[in-house]
Amino acid sequence: MGYIRQDEESLKYALSLKFLEIGSKILEQTNMASLIHPSLKKLSEQTGETVHLVRREGTEAVYIDKVESTVSSIRMVSRVGSRIPLYCSGVGKAIMATLPDEEVKKIWNESIIEKKTDKTITDFSQMQEVLEEVRQNGYALDDEENEKGVRCIAACLHGYQKEVKYAFSISGPTSRMTRERVKELAVDVKKVQEELSRELGYYKS
């Protein structure tokens, strides 16, 4: 796999430069989480809900930061370092909506598509329609598609790089995250998205 190399003369093994690549990725995630954490904490305090930050890795999103709700007795099962499929998460759909159709199809084909709840989208044509709605609305929803009783609203983060790797979300129980409240929170989400994307070097042409 290329993670170690063997010296031809001494036959001794040493780490390859692949570990430098891994280290750089970890450092990037750590720096990103540190940079964005104050804004996520403020958003959690304003909304009273749990806020997540994720980074895309292949067909999944990895949680790299989490600010737990201080007013809710309900705790999300998510934790920093855990993974969630892109196709059944708000953060995943927020990222997928920025990708070309062929890459979306590739992600779909390489994912294990399964019904995690009765609301999980398992039809690709339906997913395409949902992603188009995400592009029009400027935010994505996880409507109990990954965890029953939990609704999330999410947006991607743009930066100076063309590729979108990060997204954040507000998650809460459906008893509080009503349709009406989601519309209200969408305003906050898009405002934070714009502020953070600008901070990351993104400017609309």
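Residue numbers count from 1 along this sequence.
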>> Can you tell me how far apart CG (Leu35) and CG (Leu196) are? Round to the nearest 0.5 Å.
In response: 7.5 Å

>> Looking at Lys119, I want to see if its NZ is surrounded by more than 12 non-hydrogen atoms of other residues, nucleotides or ligands under 6.0 Å.
In response: yes

> What pair of heavy atoms forms the shortest contact from Ala154 to Ser169, and how long is it?
Replying inline: CB-CB, 3.7 Å

> Can you get from Leu157 to Val67 by hopping between Ile, Leu, Val, Met, Phe, Trp and Tyr side chains that sit under 4.5 Å apart?
Replying inline: yes

> Is the charged tip of Lys190 near the ring of Tyr139: under 6.0 Å from the six-membered ring centre and within 45° of its axis?
Replying inline: no

>> For Glu145, run the salt bridge (Lys or Arg N to Asp or Glu O under 4.0 Å) check against Lys93, Lys115, Lys116 and tell me which one passes.
In response: Lys93

> Are Ile84 and Met127 joined in one hydrophobic group, where the rule is that I, L, V, M, F, W and Y side chains link up if heavy atoms are under 4.5 Å apart?
Replying inline: no

> Do you know the tightest heavy-atom contact between Tyr87 and Thr120?
Replying inline: CE1-CG2, 3.8 Å

>> Assigning hydrophobic clusters by single linkage (Ile, Leu, Val, Met, Phe, Trp, Tyr; side-chain heavy-atom cutoff under 4.5 Å), is Trp108 placed with Ile95?
In response: no

>> Less than 4.0 angstrom from a charged side-chain N to a carboxylate O is my criterion; do Glu102 and Lys106 meet it?
In response: no

> Would Lys165 and Glu57 pass as an ion pair if we require N to O under 4.0 Å?
Replying inline: no

>> Checking the side chain of Ser197 only, and the main-chain atoms of Glu194 only, is there a donor and an acceptor separated by less than 3.5 Å?
In response: no

> Do the ring planes of Tyr63 and His52 sit parallel (below 30°), tilted (30 to 60°) or perpendicular (above 60°)?
Replying inline: tilted

>> Checking the side chain of Arg151 only, and the main-chain atoms of Glu144 only, is there a donor and an acceptor separated by less than 3.5 Å?
In response: no

> Any idea which heavy atoms bring Pro173 and Glu49 closest together, and the distance?
Replying inline: CD-OE1, 4.0 Å

> Applying the 4.5 Å side-chain criterion to the ILVMFWY set and letting contacts propagate, would Leu141 and Val192 be lumped into a single cluster?
Replying inline: yes

> Looking only at heavy atoms, which two atoms of Cys156 and Phe168 are closest? And how far apart?
Replying inline: O-CE2, 4.5 Å

>> Please check: side-chain N/O of Arg56 versus main-chain N/O of Gly58, any donor-acceptor pairing under 3.5 Å?
In response: yes

> Considering residues, nucleotides and ligands other than Leu11, do more than 12 of their heavy atoms fall under 6.0 Å from its CG?
Replying inline: yes

> Can you tell me if Ser111 uses its side chain to pair, donor with acceptor, with the backbone of Ile113 under 3.5 Å?
Replying inline: no

> Cys88 pairs by side-chain contact (heavy atoms from CB on, under 4.5 Å) with which of Thr117, Ile121, Asn146?
Replying inline: Asn146

>> Strictly distance-based, threshold 3.5 Å: is any side-chain N or O of Thr174 a donor or acceptor partner for the main-chain N or O of Met177?
In response: no

> Hey, is Arg181 close enough to Glu184 for a salt bridge, meaning N to O under 4.0 Å?
Replying inline: no

> Would the number of heavy atoms belonging to other residues, nucleotides or ligands and lying under 6.0 Å from NZ of Lys42 be above 12?
Replying inline: no

> Can you name the nearest heavy-atom pair linking Ser175 to Thr178, along with the distance?
Replying inline: O-CG2, 3.9 Å

>> If I compare all heavy atoms of Leu185 with all of Ile153, which pair ends up nearest, and what's the gap?
In response: C-CD1, 4.1 Å

> Mind checking whether Phe124 and Ile107 sit in one hydrophobic cluster, side chains of I, L, V, M, F, W, Y counted as touching below 4.5 Å?
Replying inline: yes

